[in-house]
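To start, the structure under review is shown below, and the notes come after it.
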Amino acid sequence: MIAVGQKLPNATLYEFLDEATEGCAIGPNAFEVEKLTVGKKIVIFALPGAFTPTCSAKHVPSYVEHFDAIKAKGVDEIWCISVNDPFVMGAWGREQKVGNKIRMFGDGSAEFTKKLGLELDLTARGFGVRSDRYAMIVENGIVKTLDREAPGKFEVSDAASVLKQL
């Protein structure tokens, strides 16, 4: 499992964009973690699945609610990562009204999640391999904090907990 002080592994994450920008088309776009983290302070939180109860009712809303306070601490971006495809993550972001506050990244094949060592095998429950619930603060690609939830818990990866560490 990745640890504080280590560099994030490079992987491709996918984001559904509603508006075209220079170099990015409407729809799913591929992004390399290594390139996205250069020179930035990023809060990354991950969760088992889009549209799931705790993730939808508590996890994402906590980051929307605390967005301004997190940005005031010098954070450049907030990322939400789930082992879902970018179409699902885009739809979920619209439903959660994240706007431009949170980048909703799909890690559909769990490439990034597995490289971090933070996968959660829910195959027996019919969900396949998912991401564990965690939050980390990353500066210039280096993990500064990492808080992984105990199974079935939601106590250390919410925005208020991350805010205390910033």
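Note that the coordinates shown come from a computational prediction; the quantities given were computed from them, not determined experimentally. All values below come from the heavy atoms of this structure, side chains included, with hydrogens, waters and symmetry mates left out.
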Angle between ring planes, W79 versus F105, binned at 30° and 60°: parallel, tilted or perpendicular?
perpendicular

Classify the ring geometry between H59 and F154 as parallel (under 30°), tilted (30 to 60°) or perpendicular (over 60°).
perpendicular

Search all heavy atoms of [X] against all heavy atoms of [Y] and return the closest pair with its distance.
| X | Y | value |
| --- | --- | --- |
| G49 | N84 | CA-OD1, 3.6 Å |
| T145 | V143 | O-CG1, 3.4 Å |
| I2 | P9 | CD1-CD, 3.8 Å |
| S131 | V83 | N-CG2, 3.6 Å |

Are [X] and [Y] connected in the hydrophobic side-chain network, where two residues link if heavy atoms are under 4.5 Å apart?
| X | Y | answer |
| --- | --- | --- |
| F51 | Y63 | yes |
| V156 | L47 | no |
| Y134 | V43 | no |
| I81 | F31 | yes |
| M1 | I44 | yes |

Is [X] reaching over with its side chain to a backbone N or O of [Y], donor-acceptor style, under 3.5 angstrom?
| X | Y | result |
| --- | --- | --- |
| N140 | G39 | yes |
| Q165 | V162 | no |
| D107 | E111 | yes |
| S62 | A159 | yes |
| Q96 | S56 | yes |
| D76 | K41 | yes |

Apply side chain to side chain contact (heavy atoms under 4.5 Å, CB included) to V75 and I42, showing your working.
CA-CA 6 Å; V75 171; I42 302 170; 5.7 Å; no

Would you please say whether a donor-acceptor pair under 3.5 Å links the side chains of T12 and E32?
yes

Where do W92 and V60 land on the side chain to side chain contact (heavy atoms under 4.5 Å, CB included) test, with the steps shown first?
CA-CA 10 Å; W92 191 38; V60 173; 3.4 Å; yes

Passes side chain to side chain contact (heavy atoms under 4.5 Å, CB included), Q6 versus I142? Steps please.
CA-CA 6 Å; Q6 292 182 326; I142 306 298; over 6 Å; no

Quick check: do [X] and [Y] have side-chain heavy atoms less than 4.5 Å from each other?
| X | Y | answer |
| --- | --- | --- |
| V64 | V98 | yes |
| L163 | I70 | yes |
| I102 | M104 | yes |
| M89 | C80 | yes |
| F16 | D85 | no |
| P48 | S82 | no |

Check this for me: [X], atom [atom1], are more than 12 non-hydrogen atoms of other residues, nucleotides or ligands nearer than 6.0 Å?
| X | atom1 | result |
| --- | --- | --- |
| F87 | CZ | no |
| K153 | NZ | no |
| N100 | CG | no |

I would like to know whether F45 and R133 meet side chain to side chain contact (heavy atoms under 4.5 Å, CB included); could you show each step before the answer?
CA-CA 7 Å; F45 69 101; R133 188 181 303 279; over 6 Å; no

Does the side chain to side chain donor-acceptor pair (under 3.5 Å) test come out yes or no for S157 and E149, once each step is laid out?
CA-CA 7 Å; S157 65; E149 295 285 0; 2.9 Å; yes

Is the closest basic N to carboxylate O distance between R148 and D132 below 4.0 Å?
yes

Show the numbers, then the answer: is there a salt bridge (charged side-chain N to carboxylate O under 4.0 Å, His left out) between E119 and R130?
CA-CA 6 Å; E119 68 270 18; R130 296 295 182 140; over 6 Å; no

With sequence neighbours left out, what residues match D18 under salt bridge (Lys or Arg N to Asp or Glu O under 4.0 Å)?
R94

Pairing residues for E15 by the salt bridge (Lys or Arg N to Asp or Glu O under 4.0 Å) criterion, not counting sequence neighbours:
R103

Can you measure from [atom1] ([X]) to [atom2] ([Y]) and round to the nearest 0.5 angstrom?
| X | Y | atom1 | atom2 | value |
| --- | --- | --- | --- | --- |
| E65 | K101 | CD | NZ | 10.0 Å |
| K73 | I137 | NZ | CD1 | 10.5 Å |
| L36 | E34 | CG | CD | 10.5 Å |

Of L8, V4, D147, which is the lone residue that meets side-chain contact (heavy atoms from CB on, under 4.5 Å) with M136?
L8

